[in-house]
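These notes are about the structure you will find just below.
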There are 2 protein chains.
Amino acid sequence: MSSEELAARGQTTAAQVRKDLSHFGSFGKRGLGYSVDQLRDRLRSILGLDRSWRVALVGAGRIGLALFEYPAFRSRGYDWVAIFDSDPEKIGQAWGDQVVRSPDEFEKVLQDLDIELVILALPADGAQEMAMRAVDAGVRGILNFAPIRLNVPPKVPVEDVNLVMELEALSFQITQGERDA
Amino acid sequence: MSSEELAARGQTTAAQVRKDLSHFGSFGKRGLGYSVDQLRDRLRSILGLDRSWRVALVGAGRIGLALFEYPAFRSRGYDWVAIFDSDPEKIGQAWGDQVVRSPDEFEKVLQDLDIELVILALPADGAQEMAMRAVDAGVRGILNFAPIRLNVPPKVPVEDVNLVMELEALSFQITQGERDA
DNA sequence: ACACCATTGTGAAATTCTTCACAAAACTAA
DNA sequence: TTAGTTTTGTGAAGAATTTCACAATGGTGT
Ligand SMILES: NC(=O)c1ccc[n+]([C@@H]2O[C@H](COP(=O)([O-])OP(=O)(O)OC[C@H]3O[C@@H](n4cnc5c(N)ncnc54)[C@H](O)[C@@H]3O)[C@@H](O)[C@H]2O)c1
Ligand SMILES: NC(=O)c1ccc[n+]([C@@H]2O[C@H](COP(=O)([O-])OP(=O)(O)OC[C@H]3O[C@@H](n4cnc5c(N)ncnc54)[C@H](O)[C@@H]3O)[C@@H](O)[C@H]2O)c1
């Protein structure tokens with residue numbers, strides 16, 4: 001597949017595809033293009049997707065449930081290995097093959113199960129504390145759904161998901177469009 | 001509040017804050033900084049957040065339920081005015097003050113209720129069709145949770161939420177970090 | 001009134017990102 | 001072989017974004 005076709009599929013330009021790929025090495029064959037199989041494998045390895053990751057869910061609420069039941073995570077190698085919630089009603093509940101645990105066990109479980117990623121799906125007022133505790137327990141990355149900016153050491157990457165902002169971005173684009181017209 | 005303090009809170013630089021704001025006008029007072037109240041109001045108006053928006057949910061599944069029950073949308077002026085699902089079991093169910101509707105009514109309801117935003121929370125294989133139908137019915141913007149790139153006319157903005165990619169971005173950063181060390 | 005201070009708004013400089021354009025490579029067909 | 005075709009990988013050019021730096025301004029204190 002040529003950079004031209006990759007670009008068309010990815011809403012970008014052929015030059016951009018080639019420059020981006022060349023940043024990581026030289027994967028194509030001149031006159032022929034890129035081998036899809038090889039390219040997939042190389043990119044998987046570069047992105048760290050050629051392995052599985054041990055993930056904990058913090059906050060067994062509505063968003064937490066949707067995430068937990070979403071099959072795409074499991075199939076991409078993100079394995080749920082623990083679930084935490086502070087609600088005494090929820091602690092002990094079975095979620096699939098998991099049991100909801102108390103935050104009291106947080107550090108111990110994170111370390112014992114060698115958990116690398118934490119998904120924070122709890123209210124904003126508990127998120128900073130749990131983030132810090134996760135970092136101290138050796139977590140490598142955090143996916144944060146709580147609408148606050150987490151303060152963590154730079155060695156631990158954080159990805160924020162803020163759905164209100166996504167809607168607001170839409171509102172802005174619509175409002176802008178009206179102004180042009 | 002000075003551009004310096006705004007920058008610190010927004011993880012950017014004072015010069016960037018001033019350049020960005022100056023793009024929309026001249027809001028500050030030299031020697032003093034920006035009036036938080038005034039700035040909030042002006043930005044709300046620029047972003048189109050000083051009004052409410054009529055929103056429909058397409059796909060009353062796990063993610064749809066979490067979104068529907070999330071209070072932050074309502075409180076920011078995003079009003080749920082219709083819910084659609086193709087599952088006969090779900091059609092007719094009450095969700096809060098709403099009743100789940102059949103996609104057969106889609107165009108009619110969108111037009112009658114003057115719906116401006118659509119949130120697609122249905123499986124990927126139905127998403128393109130519903131997006132196109134929404135556009136034809138006059139929708140102004142789409143928030144898409146299905147893991148496909150929607151093909152819609154450029155006048156209709158689309159925001160994609162792809163949570164698998166968020167996790168993959170974390171994996172990449174962690175993998176990169178290891179390489180540096 | 002006047003001096004002094006803090007901070008904006010903005011050209012100009014610096015940096016980063018994207019596109020251009022083409023020599024080098026790899027294949028195909030004669 | 002050899003000529004022709006396609007497409008990469010990449011310097012160089014061009015465009016966009018970010019940072020610098022400072023005159024202009026508005027406020028405060030005396
Ligand atoms: N529901 C959505 O669509 C949505 C969208 C965007 C962001 N969010 C954010 O995601 C987070 C969770 O939202 P939700 O709708 O699932 O809320 P929810 O109230 O349904 O669930 C939150 C859960 O976290 C638990 N919890 C509270 N403190 C805890 C702690 N210290 N440790 C462990 N668990 C704790 C609660 O017991 C509850 O079960 C919130 O920060 C919310 O702002 C939600
Ligand atoms: N659950 C998650 O955490 C999550 C995360 C990221 C993305 N997604 C994506 O969001 C979408 C929904 O995920 P989910 O987990 O809520 O799935 P789900 O299966 O729980 O819900 C999907 C719902 O859509 C309905 N539906 C199917 N076709 C329809 C149509 N043509 N019109 C209206 N409704 C229709 C189904 O009846 C079902 O109720 C999927 O595309 C999924 O990939 C989900």
Side-chain angles (χ1 to χ4, degrees), chain A residues 1-48 149 151 154-155 157-160 162 165-166 168-173 175-177 179-180, chain B residues 1-48 149 151 154-155 157-160 162 165-166 168-173 175-177 179-180:
Chain A
M1 186 176 286
S2 68
S3 56
E4 200 66 59
E5 190 177 349
L6 289 166
R9 298 207 189 190
Q11 318 241 270
T12 179
T13 63
Q16 193 68 71
V17 168
R18 296 203 299 278
K19 258 280 191 295
D20 285 359
L21 292 178
S22 78
H23 182 75
F24 293 107
S26 170
F27 307 142
K29 281 203 164 50
R30 299 182 180 208
L32 245 198
Y34 300 86
S35 148
V36 172
D37 282 358
Q38 266 178 230
L39 189 58
R40 183 192 359 77
D41 290 351
R42 288 292 292 115
L43 289 178
R44 283 227 177 109
S45 145
I46 289 164
L47 296 171
R149 193 182 293 284
N151 208 298
K155 66 171 180 196
V158 174
E159 290 283 326
D160 288 296
N162 189 320
M165 276 196 198
E166 302 281 341
E168 291 181 345
L170 271 187
S171 300
F172 172 56
Q173 289 177 65
T175 307
Q176 277 295 96
R179 264 171 214 149
D180 294 350
Chain B
M1 185 176 287
S2 68
S3 56
E4 200 66 59
E5 191 178 350
L6 288 166
R9 298 208 188 189
Q11 318 241 268
T12 179
T13 62
Q16 193 68 71
V17 168
R18 295 203 298 277
K19 259 280 192 292
D20 286 359
L21 292 178
S22 78
H23 181 74
F24 294 107
S26 172
F27 307 142
K29 282 203 164 48
R30 300 185 179 206
L32 244 198
Y34 300 85
S35 149
V36 173
D37 282 358
Q38 266 176 231
L39 189 58
R40 185 197 350 83
D41 290 351
R42 290 292 290 115
L43 290 178
R44 283 228 176 108
S45 145
I46 290 163
L47 295 172
R149 192 182 295 283
N151 207 297
K155 66 171 181 198
V158 175
E159 290 284 325
D160 287 295
N162 190 321
M165 276 197 198
E166 303 281 340
E168 291 181 346
L170 270 188
S171 300
F172 171 54
Q173 289 178 64
T175 308
Q176 278 294 96
R179 263 169 215 153
D180 295 348

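Chain naming here is simple, since letters A, B, ... match the order of the sequence lines and numbering starts at 1 in each.
- For the side-chain hydrogen bond (donor to acceptor under 3.5 Å, both in side chains) test, no residue two or more places apart in sequence or in another chain qualifies with A:Asn162.
- Contacts between residues 37-46 of chain A and DNA chain D, defined by a heavy-atom separation below 4.0 Å, involve no residue at all.
- The side chain to side chain contact (heavy atoms under 4.5 Å, CB included) test applied to B:Gln38 returns B:Ser35, not counting sequence neighbours.
- Residue A:Gly33 is the one, among A:Gly33 and B:Ala15, whose nearest nucleotide of DNA chain D lies closer to the 5' end (criterion: closest heavy atom).
- Within the 4.0 Å cut-off from OP1 or OP2 of C:dC17, not a single side-chain nitrogen or oxygen of A:Gln16 is found.
- Here the range on DNA chain D touched by chain A, meaning any atom under 4.0 Å from one of its heavy atoms, is D:dT6 to D:dA12.
- Every residue two or more places apart in sequence or in another chain that forms a side chain to side chain contact (heavy atoms under 4.5 Å, CB included) with A:Leu32 is listed here: A:Lys29.
- Put simply, NZ on B:Lys19 is 16 Å from P on C:dT15, counting in whole angstrom units.
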Distances for protein N/O vs nucleotides 22-28 of chain C N/O pairs under 3.5 angstrom?
| from | atom 1 | to | atom 2 | distance (Å) |
| --- | --- | --- | --- | --- |
| C:dA24 | N3 | A:Arg30 | NH1 | 2.9 |
| C:dA26 | O4' | A:Arg30 | O | 3.2 |

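- For A:Gln16, the side-chain hydrogen bond (donor to acceptor under 3.5 Å, both in side chains) test picks out A:Asp20, with sequence neighbours left out.
- Rounded to whole angstrom, the span from the CG atom of B:Leu21 across to the C1' atom of C:dT7 amounts to 13 Å.
- Note on residues 3-16 of chain B: pairs passing salt bridge (charged side-chain N to carboxylate O under 4.0 Å, His left out), not counting sequence neighbours, are B:Glu5-B:Arg9.
- Residues meeting the side chain to side chain contact (heavy atoms under 4.5 Å, CB included) test with B:Ser22, sequence neighbours left out: none.
- Residues forming a salt bridge (charged side-chain N to carboxylate O under 4.0 Å, His left out) with A:Glu168 (at least two apart in sequence, or on another chain): B:Arg76.
- Applying the salt bridge (charged side-chain N to carboxylate O under 4.0 Å, His left out) rule to A:Arg44 yields no partners; only residues at least two apart in sequence or on another chain are considered.
- Not a single side-chain hydrogen bond (donor to acceptor under 3.5 Å, both in side chains) links B:Arg42 to another residue, sequence neighbours left out.
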